[in-house]
Number of protein chains: 2
Amino acid sequence: MDIKEIEGFLKFNKIKPSHHRLKIYEYLVKSKNHPTADLLYRELVNEIPTLSKTTVYNTLNLFVEKGAAQLITIDESENRYDADMSIHGHFKCKDCGKVFDFPLNFAAIDMGGLQNFQVEENHIYLKGLCNECQAHKKK
Amino acid sequence: MDIKEIEGFLKFNKIKPSHHRLKIYEYLVKSKNHPTADLLYRELVNEIPTLSKTTVYNTLNLFVEKGAAQLITIDESENRYDADMSIHGHFKCKDCGKVFDFPLNFAAIDMGGLQNFQVEENHIYLKGLCNECQAHKKK
DNA sequence: AAATATATTGTAACGATTACAACTTTTATA
DNA sequence: TATAAAAGTTGTAATCGTTACAATATATTT
Ligand SMILES: [Mn+2]
Ligand SMILES: [Mn+2]
Ligand SMILES: [Zn+2]
Ligand SMILES: [Zn+2]
């Protein structure tokens, strides 16, 4: 996904593609690491020295509003963001803190129980130990 | 579930059942409304005028540590708590803000995709409009 | 009863996020 | 192109949920 595609995608979502917005969206798409606003700021401020944290917050809120990114509340004190709007689950390692994607058959979940609720968003969060951290523990 | 059962349950989880702890746990069990620390405080401070908010936070953290309650991160700015440790999903209405339980067949989720992750917790959060709020909208 | 451990309190600090007004850049209008 | 209006960005201060901490109160042990 190159910068032209990202520009097109933002426009498609009625977001005016300013330089900052392009860079922030590009980071989300390419890193796939579900960053917090603070991490995004720290990662981009070298490349964009004039960047302010408020712009990062404004931009992420705009992306969520316009449906170009989703807010991930897997953490208890910080919000994370994801440009991948497809239905998928998130796994957070309690040791290293990384958040991983995993595929999800959503049809298997959305059954019976919820009586007449009109579902607009789904968030599947698992927590435990990732592959790598399990290996460390064994030693 | 009467107060004696609650006392026994706290003891079983290695939590010394002080008066405050009993009342807080009782509220969680009986209200089933997945309260925030602040709501819990406001609901109990009339009955326990000496209650402090710090105690509410301390107590909820203790419950989670000891496995007597679970932390629910369905909100983006406030933590909620649930004494129901069984596997079930949560639905949050975007209109009225209420958080509802719904039954869940977890086996359907934990499939393939997550490669060698050791799962210790699962959180299934759906959002949308509850029954009642859909009715209001129609008018 | 005295000593020790545990629980609770009130206040201050912290950290993530937002509010807001000033400033800059882009877009529209004349 | 010059001017005005709109949109984007910035830095700082404020807000709000949560935690740190030291003082006090209560419970448990000696
Ligand atoms: Mn993801
Ligand atoms: Mn519940
Ligand atoms: Zn890990
Ligand atoms: Zn509702």
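The model shown is predicted, which means the values in this text are computed figures rather than measured ones. Just so we're on the same page: letters track the sequence lines, and every chain starts at 1.
- Note: B:F100 and A:F117 have tilted aromatic rings, judged against thresholds of 30 and 60 degrees for the angle between ring planes.
- At the phosphate of D:dG17, neither OP1 nor OP2 sits under 4.0 Å from any side-chain N or O atom of B:N79.
- Spacing between atom CG of B:L60 and atom C1' of D:dG17 amounts to 13 Å, rounded to whole angstrom units.
- Classification of B:D38 and B:K53 as a salt-bridged pair holds, one side-chain N sitting under 4.0 Å from a carboxylate O.
- Under the 3.5 Å distance criterion, with hydrogens and angles disregarded, a donor-acceptor pair is assigned to the side chains of B:E43 and B:Y27.
- Heavy-atom distances to DNA chain D give each of A:T59 and A:E76 a nearest nucleotide, and the one nearer the 5′ end belongs to A:T59.
- Look at B:N61 and you'll find a side-chain N or O under 4.0 angstrom from OP1 or OP2 of D:dT19.
- Mapping B:N58 and B:S77 onto DNA chain D via the closest heavy atom, the residue that lands nearer the 5' end is B:S77.
- Outside the 6.0 Å centre-distance limit, the rings of B:Y41 and B:Y57 are not counted as a close aromatic pair.
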Review point. Does the ring pair (Phe, Tyr, Trp, His ring centres under 6.0 Å) test come out yes or no for A:F63 and A:Y25, once each step is laid out?
Key: CA-CA 9 Å; A:F63 289 170; A:Y25 202 79; 5.1 Å; yes
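- Near-neighbour residues of DNA chain C inside residues 7-30 of chain A, defined by a heavy atom below 4.0 Å, are absent.
- The aromatic rings of A:H34 and A:H90 lie perpendicular to each other, with more than 60° between the two planes, well past the 30° mark.
- Note on A:K32 versus A:D101: no salt bridge recorded, every NZ/NE/NH1/NH2 to OD/OE distance being 4.0 Å or above.
- If you check the side chains of B:S86 and B:D84, you find a donor sitting under 3.5 Å from an acceptor.
- Whole-Å rounding puts the B:E78 CD to D:dT15 P distance at 17 Å.
- Near DNA chain D, defined here as any heavy-atom distance below 4.0 Å, the residues from residues 35-57 of chain A are A:T50, A:L51, A:S52, A:T54, A:T55, listed numerically.
- One atom, CZ of B:R80, and another, P of D:dG17, lie 12 Å apart when rounded to the nearest Å.
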Exercise for review: Assess whether salt bridge (Lys or Arg N to Asp or Glu O under 4.0 Å) is satisfied between B:E121 and A:K94, documenting all intermediate values.
Suggested key: CA-CA 10 Å; B:E121 288 178 41; A:K94 287 175 166 185; 2.8 Å; yes
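- Rounded to whole Å, atom P of D:dT18 lies 14 Å from atom CG of A:D75.
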